[in-house]
2 protein chains.
Amino acid sequence: MNIKQLSPDVSETEFKQQVFFALSDPGRYKIVQMLYNVGHEMGCGELNQHVEIDKSTMSYHLKTLREAGITSTRTQGREKYVTLNVAKIELELPGLLASL
Amino acid sequence: MNIKQLSPDVSETEFKQQVFFALSDPGRYKIVQMLYNVGHEMGCGELNQHVEIDKSTMSYHLKTLREAGITSTRTQGREKYVTLNVAKIELELPGLLASL
DNA sequence: TTTATAGTTTTATATTTATCAAACAATGAT
DNA sequence: ATCATTGTTTGATAAATATAAAACTATAAA
């Protein structure tokens, strides 16, 4: 018998709440939606072209997503590439990404 | 061919974002979770017994949920009963409630 | 080595949010 | 009629949030 089924880990609920918080903002919603739909990592600049927000605001939102564990970032040269942690999100909130 | 599939209605996305916002707060998360798990309407007092928050804070959160279209309220005498709009939520975000 | 580019951090600001006490309905009970 | 109960609204407050300009860091290009 799995303890988690009886008393779900606080951090699981916390992660879900952070995902919900992230998706409650129009900018972050679009970022996540776009990352999910393209199905692969995207450069910050590329994202910035599709989602119209100031680059510092974009950086702020990407930081929010990263720190919540929703995305991961890879640096190459002076560019950064953002990936959506699909598996992690699907594990806790199956089907959510598909319904955005 | 369904237009909605090509360009999802703004209000659909807005509703989803409101649901996400609602669920990003621990208090509201518990309220929604509880309503979903019991599977039927609950009195405000009954809710207050399970979710430990000040009655005016509870009223504030219930108003937030109500105005977002997430719950509905029925008055009987001096008590009020809250229902979760399961069908509506399931329509836009299938499976979400089950994964809370 | 100077300059341009990509993105972050800092600073400042306005807005939104959560919380609770206190005052306020509205209805039921005595 | 008076009192008690249920829940809402108002007002005040502290904290969190979103935004963007400006300064900054790091790398690439000239």
Side-chain angles (χ1 to χ4, degrees), chain A residues 10 13-35 38 40-84, chain B residues 10 13-35 38 40-84:
Chain A
V10 170
T13 303
E14 240 167 41
F15 175 68
K16 289 175 200 170
Q17 286 173 3
Q18 283 177 328
V19 171
F20 294 144
F21 176 73
L23 293 173
S24 71
D25 177 85
R28 288 189 300 255
Y29 184 99
K30 276 179 209 140
I31 292 170
V32 170
Q33 190 183 36
M34 173 140 296
L35 284 170
V38 300
H40 52 72
E41 67 176 12
M42 290 181 78
C44 288
E46 198 185 350
L47 267 171
N48 236 327
Q49 289 178 328
H50 292 88
V51 185
E52 249 185 53
I53 42 184
D54 188 274
K55 69 169 183 170
S56 71
T57 300
M58 173 63 91
S59 188
Y60 163 73
H61 284 313
L62 288 178
K63 188 181 184 184
T64 301
L65 292 170
R66 200 186 323 125
E67 290 182 345
I70 294 168
T71 57
S72 299
T73 297
R74 178 176 74 84
T75 306
Q76 189 174 42
R78 61 184 161 185
E79 310 200 3
K80 300 208 171 177
Y81 296 90
V82 184
T83 318
L84 186 64
Chain B
V10 170
T13 302
E14 239 168 42
F15 176 68
K16 289 175 200 169
Q17 286 173 2
Q18 283 178 327
V19 172
F20 295 144
F21 176 74
L23 293 173
S24 70
D25 177 85
R28 288 190 298 256
Y29 184 100
K30 277 179 207 139
I31 293 170
V32 171
Q33 190 183 36
M34 172 140 296
L35 284 170
V38 300
H40 51 71
E41 69 176 10
M42 290 181 78
C44 288
E46 199 184 351
L47 268 172
N48 236 325
Q49 289 179 327
H50 295 273
V51 185
E52 248 185 55
I53 42 184
D54 188 272
K55 67 170 184 170
S56 70
T57 301
M58 173 63 91
S59 189
Y60 163 73
H61 284 313
L62 288 178
K63 188 181 182 183
T64 300
L65 292 170
R66 199 187 322 126
E67 289 181 347
I70 294 168
T71 57
S72 298
T73 297
R74 178 175 73 84
T75 306
Q76 189 174 43
R78 61 182 160 186
E79 310 201 3
K80 300 208 172 178
Y81 295 90
V82 183
T83 319
L84 186 64

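No hydrogens, no waters, no symmetry mates; every other heavy atom, side chains included, goes into these values.
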Euclidean distance, atom CG of residue B:L62 to atom C1' of C:dA18 [Å, nearest integer]: 14 Å

Taken to the nearest whole Å, CD1/B:I53 to P/D:dG7 is 13 Å

Tested for side chain to side chain contact (heavy atoms under 4.5 Å, CB included) against B:T71, the lone hit among B:K63, B:M42, B:R66, B:E41 is B:R66

Please state how far atom CG in A:L65 lies from atom C1' in C:dT8, giving the value in whole angstrom units. 15 Å

Of all heavy-atom pairs linking B:L84 and B:I70, the shortest is CD1-O, 3.7 Å

Determine: side-chain N/O of A:H61 to OP1/OP2 of D:dT17, distance under 4.0 Å, yes or no. no

How close or far is atom P of D:dT6 from atom CE of B:M42, stated in whole angstroms? 15 Å

When the nearest nucleotide of DNA chain D is assigned to A:R78 and to A:T64 on a heavy-atom basis, which residue is associated with the more 5' position? A:T64

I'd like to know if the side chain of B:S59 and the backbone of B:S56 have a donor-acceptor N/O pair within less than 3.5 Å. no

To the nearest angstrom, how far is B:K80 atom NZ from D:dT9 atom C1'? 11 Å

Do you know the tightest heavy-atom contact between B:V51 and B:G27? CG1-O, 4.2 Å

Find the distance A:Q18:CD to D:dA16:C1' and express it as a whole number of Å. 14 Å

Ignoring hydrogens and angles, does a donor from either the side chain of A:S56 or the base of D:dA20 sit under 3.5 Å from an acceptor on the other? yes

Earlier contact from the 5' end, DNA chain C, for A:E79 and A:K63: A:E79

Nearest-nucleotide wise, let me know which of A:G77 and A:T57 is further upstream toward the 5' end of DNA chain D. A:T57

Whole angstroms only, please: what is the CG-P distance between B:D54 and D:dT10? 17 Å

Using a 4.0 Å heavy-atom cut-off, does B:F21 contact any base of the nucleic acid, only the sugar-phosphate backbone, or nothing at all? sugar-phosphate

Scanning both residues in full, the closest heavy-atom pair of A:H61 with A:D25 reads CE1-OD2, 3.5 Å

Within the structure, does a side-chain N or O atom of A:R66 lie under 4.0 Å from either OP1 or OP2 of C:dT8? yes

Among C:dT8, D:dT19, C:dA18, which nucleotide has an atom closest to any side-chain atom of B:Y60? C:dA18

Separation of A:K55 atom NZ from C:dA6 atom P, in whole Å? 9 Å

